[in-house]
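One structure is given below, encoded as structure tokens.
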Amino acid sequence: MEKKMKKFAPIIKDQPYMIYGGDYNPDQWLDRPDILKEDDRLMNLAKINNASVGIFAWKALEPEEGVYTFEWLDETMDRLAANGKKVILATPSGARPAWMDRKYPEVLRVNDGRVKNLHGERHNHCYTSPYYRRKVFEMNQMLAKRYKDHKALGMWHISNEYGGDCHCPLCQQAFRDWLRKKYDNDIDKLNGQWWTGFWSKKYSSFDEIESPAPQGERCIHGLNLDWLRFVTYQTTDFMEQEIKAVKEITPQIPVTTNLMGLYPGLNPWVMAKKMDVISWDNYPRWHTMYSKNWELASDIGFVHDINRCLKHKPFLLMESTPSNVNWQQVNKLKRPGMNILASMQAVAHGSDSVQYFQWRKGRGAAEKFHGAVVDHEGSENTRVFQEAAKLGEMLQKCKDIVGTCNQAKVAVIYDWENRWAIDNMNGLSDRRNYEETCRLHYRALWQKNVTVDVIDMEQDLSGYSLVIAPMLYMQKPGVAKRLQDFVSKGNTLVTTYFTGYVNENDLCFLGGFPGDGLKEVLGIWAEEIDSLYEADSNQMCFSSCLNTEDSKGKLFASMSGKKYAIKDYCEIVHPLENTKVLAVYGEDFYEGTPALTCHTYGEGKAYHICARTDMNMLSDFYQELIAQCEVPVNLLGSYDEGVNVQKRESDGEAYYFIMNFEGKEAKVTLEEDIQLVSVIHETTIPKSFVLKPYEVIIAAQK
């Protein structure tokens, strides 16, 4: 992908500023017009310019079948428009009224144990049900026809947090039909890819196939993978029907649905193709005893960057909390300043919005103690409201940042289907930790203020100089060829242990790992992989005697003679011709064998990290590669621990977000010959300054 430094148009056409708002539920307060009137006043005080309305409002819109009560929504749309607000109008399919479940039980999900759910909760619907699909389409079209010309309508919010699966007879048949299409109606082809000769599992007909079940089939990994793929397909198809209903009437209005971070149940790369705008819901656990805030900030940056990369353009932070949530083991308050900092981190990574769940706390039910801008106390005289209002003022001054880009020369591959395969396999240990491994490689670059794209294995690699593919256990068709081309053209690839073991259906490659042509690129043959107990350890040892010279001079000089801790996995590899061994194992029967290799392929290099190491090794290793690959750093300088810098730019503009994620002061000394001006205060930023706890400075390059 050729990255062009263009500025994107505002997501909502006539709203050329940061979207600021959140979930607004006037349907819960229809008996309190005084509160609805007060909402208008408070939204203006908080500088709110948007509201997401109607997300779970089906009962309020259709209290009984065929009886519609849109008047309250008419009044809400008119009232918000009169106050200069835009509406992100939701389709209400995320939760159905009880009358529907009672009259049409086919809409209720069946769990993997083949037990039908009762009415309750939310997202408890079958995506295959013909009645529910028809009813949702009708409701969505009614909304679109009614509000297509309303000046408040800015965007469609399609359903809410799609997730889960259904194992009912309708879904079983849909799954079989999907398999017939995938395997060209050839049951022998399916049997071959699923390796059903194992344990006499061979199917004679597609009609014999059932979805995975705790009391049924769980050991055919191809079946498990295909079921997860089908669930993504069926959910996306349902979503596409929802989108079609509104797009037929309002083709000019963008659509989104709120994704859930690293939720493993659905592959967002498939869903993103059907959406105009990407949005996601962000609820990290700040201020915990388990990690430092800056470490968590790195993990959240990883997810922000996935959402930015789903379409390689600005995304939306659809939900966050201004204070605390109510569903974690410990529901800790955000410390003063953290709401502003966490919100601005989303903007720093490419969001053109900050939005909350929720605007006002409800009086009862499950989320009555979930954080909100307006507390039960009901006024602007709370710490949380005042901080939200301050953020609103800051976002108003960030108008010029809207539509700018985050330019990355580095990509980390994090792939949903690869995660499914790793989680599903039998082997290694219970500490597979694919997600954590990818996040740690990302963190080593995030700490150095390098902008990173996070992509799946099927994306175009052009435009990057460094691609990192941790634990790329599964290789889909064409992936090895893209990696070969990438390296041969003068770029750098980093892989790790457990790379290139199986194809897209979890069949092992024959002829040695890594398979499908990667041995030639990496210059190794991986013979075995040793799983370590938690108490076990090993070392990755660099020697000053290793041949680490190339045209750029001495490589890895900073790591010469060092030893780094190894845990969990040691892959035993054999270097092929012309492969350099940069580090070896320090212990066990494979002592002295390669632990880190480098192979020149074409004009580029491929590095293979054979073992799971600590952050010290990753930090030093990527510091070397940043220099080798001439990867730009967002803002050169020296920073105390906890400070991170992100950069958005386009059309000659550059904006820097300098963020302190720790609850103590942090010193910053800039090294670049660059003049920066505060976007918020319009003052010149000195070369050396101190950030307050949880402070963020947004700077424009003058």
Side-chain angles (χ1 to χ4, degrees), residues 195 198 219 221 413 415 418-419 421-434 436-438 440-441 468-475 479-480 483 493-543 546 563-599 601 606-614 617-618 621:
W195 204 249
F198 172 76
C219 294
H221 291 172
I413 294 177
D415 189 276
N418 187 55
R419 175 182 177 175
I422 290 173
D423 289 348
N424 185 57
M425 65 161 287
N426 301 102
L428 298 183
S429 74
D430 59 359
R431 298 183 304 281
R432 295 170 201 166
N433 300 351
Y434 171 64
E436 178 187 354
T437 301
C438 291
L440 291 178
H441 283 260
I468 303 159
M471 297 179 71
L472 198 62
Y473 165 71
M474 173 193 288
Q475 272 180 234
V479 171
L483 293 175
L493 171 68
V494 177
T495 60
T496 74
Y497 52 93
F498 215 46
T499 288
Y501 279 48
V502 300
N503 74 356
E504 73 277 15
N505 293 312
D506 217 13
L507 281 180
C508 288
F509 291 117
L510 301 180
F513 304 139
D516 198 29
L518 271 190
K519 280 200 297 293
E520 291 79 3
V521 182
L522 300 181
I524 59 160
W525 164 41
E527 182 180 5
E528 296 180 280
I529 186 165
D530 190 17
S531 298
L532 308 184
Y533 287 103
E534 288 188 76
D536 292 341
S537 64
N538 207 316
Q539 291 182 317
M540 179 179 287
C541 305
F542 285 77
S543 169
L546 291 174
K563 297 181 179 180
Y564 297 92
I566 288 173
K567 61 180 181 179
D568 294 342
Y569 302 116
C570 297
E571 193 174 53
I572 302 170
V573 308
H574 303 278
L576 304 181
E577 187 177 1
N578 298 322
T579 297
K580 294 180 180 179
V581 177
L582 304 182
V584 298
Y585 289 114
E587 301 174 26
D588 221 312
F589 73 90
Y590 38 86
E591 177 182 349
T593 65
L596 173 65
T597 63
C598 175
H599 182 244
Y601 183 83
Y607 293 90
H608 188 72
I609 304 172
C610 308
R612 180 171 286 172
T613 64
D614 61 11
M617 184 273 172
L618 294 178
F621 177 68

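Start at 1 with the first residue, then count along the sequence.
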Exercise. Just do the side chain to side chain donor-acceptor pair (under 3.5 Å) check on Tyr569 and Ser429 with the steps written out, would you?
Key: CA-CA 9 Å; Tyr569 302 116; Ser429 74; 2.8 Å; yes
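- When each of Thr499, Asn418, Asp506, Asp415 is paired with Tyr473, the side-chain hydrogen bond (donor to acceptor under 3.5 Å, both in side chains) condition holds for Asp506 and for no other.
- Closest approach of Pro514 to Leu522, counting heavy atoms only: CG-CD1, 3.8 Å.
- His599 and Val521 get closest at one heavy-atom pair: ND1-O, 2.9 Å.
- Between Tyr607 and Phe621, the distance from one ring center to the other falls under 6.0 angstrom.
- In the displayed structure, Tyr533 atom OH is contacted under 6.0 Å by at most 12 heavy atoms of other residues, nucleotides or ligands.
- Across every non-hydrogen atom of Thr496 and Met471, the tightest pair is OG1-N, 2.8 Å.
- Here the rule is side-chain contact (heavy atoms from CB on, under 4.5 Å) with Asn538, and of Glu587, Glu591, Lys567 only Glu587 fits it.
- A donor-acceptor pair is defined here as one N or O able to donate and one able to accept, closer than 3.5 Å; such a pair exists between the side chain of Lys519 and the backbone of Gly511.
- Checked options Arg612, Glu534, Arg432; the residue passing with Asp568 is Arg612 (criterion: side-chain contact (heavy atoms from CB on, under 4.5 Å)).
- Using cut-offs of 30° and 60° on the angle between ring planes, the pair Phe513 and Tyr501 is parallel.
- Ile413 and Tyr434 get closest at one heavy-atom pair: O-OH, 3.7 Å.
- When all heavy atoms of Ala480 and Gln475 are compared, the pair lying nearest together is CB-NE2, 3.4 Å.
- Checking side-chain atoms of Asn503 against main-chain N and O of Leu507 turns up a donor-acceptor pair under 3.5 Å.
- Considering every non-hydrogen atom in both Met617 and Met540, the closest pair reads CE-SD, 3.7 Å.
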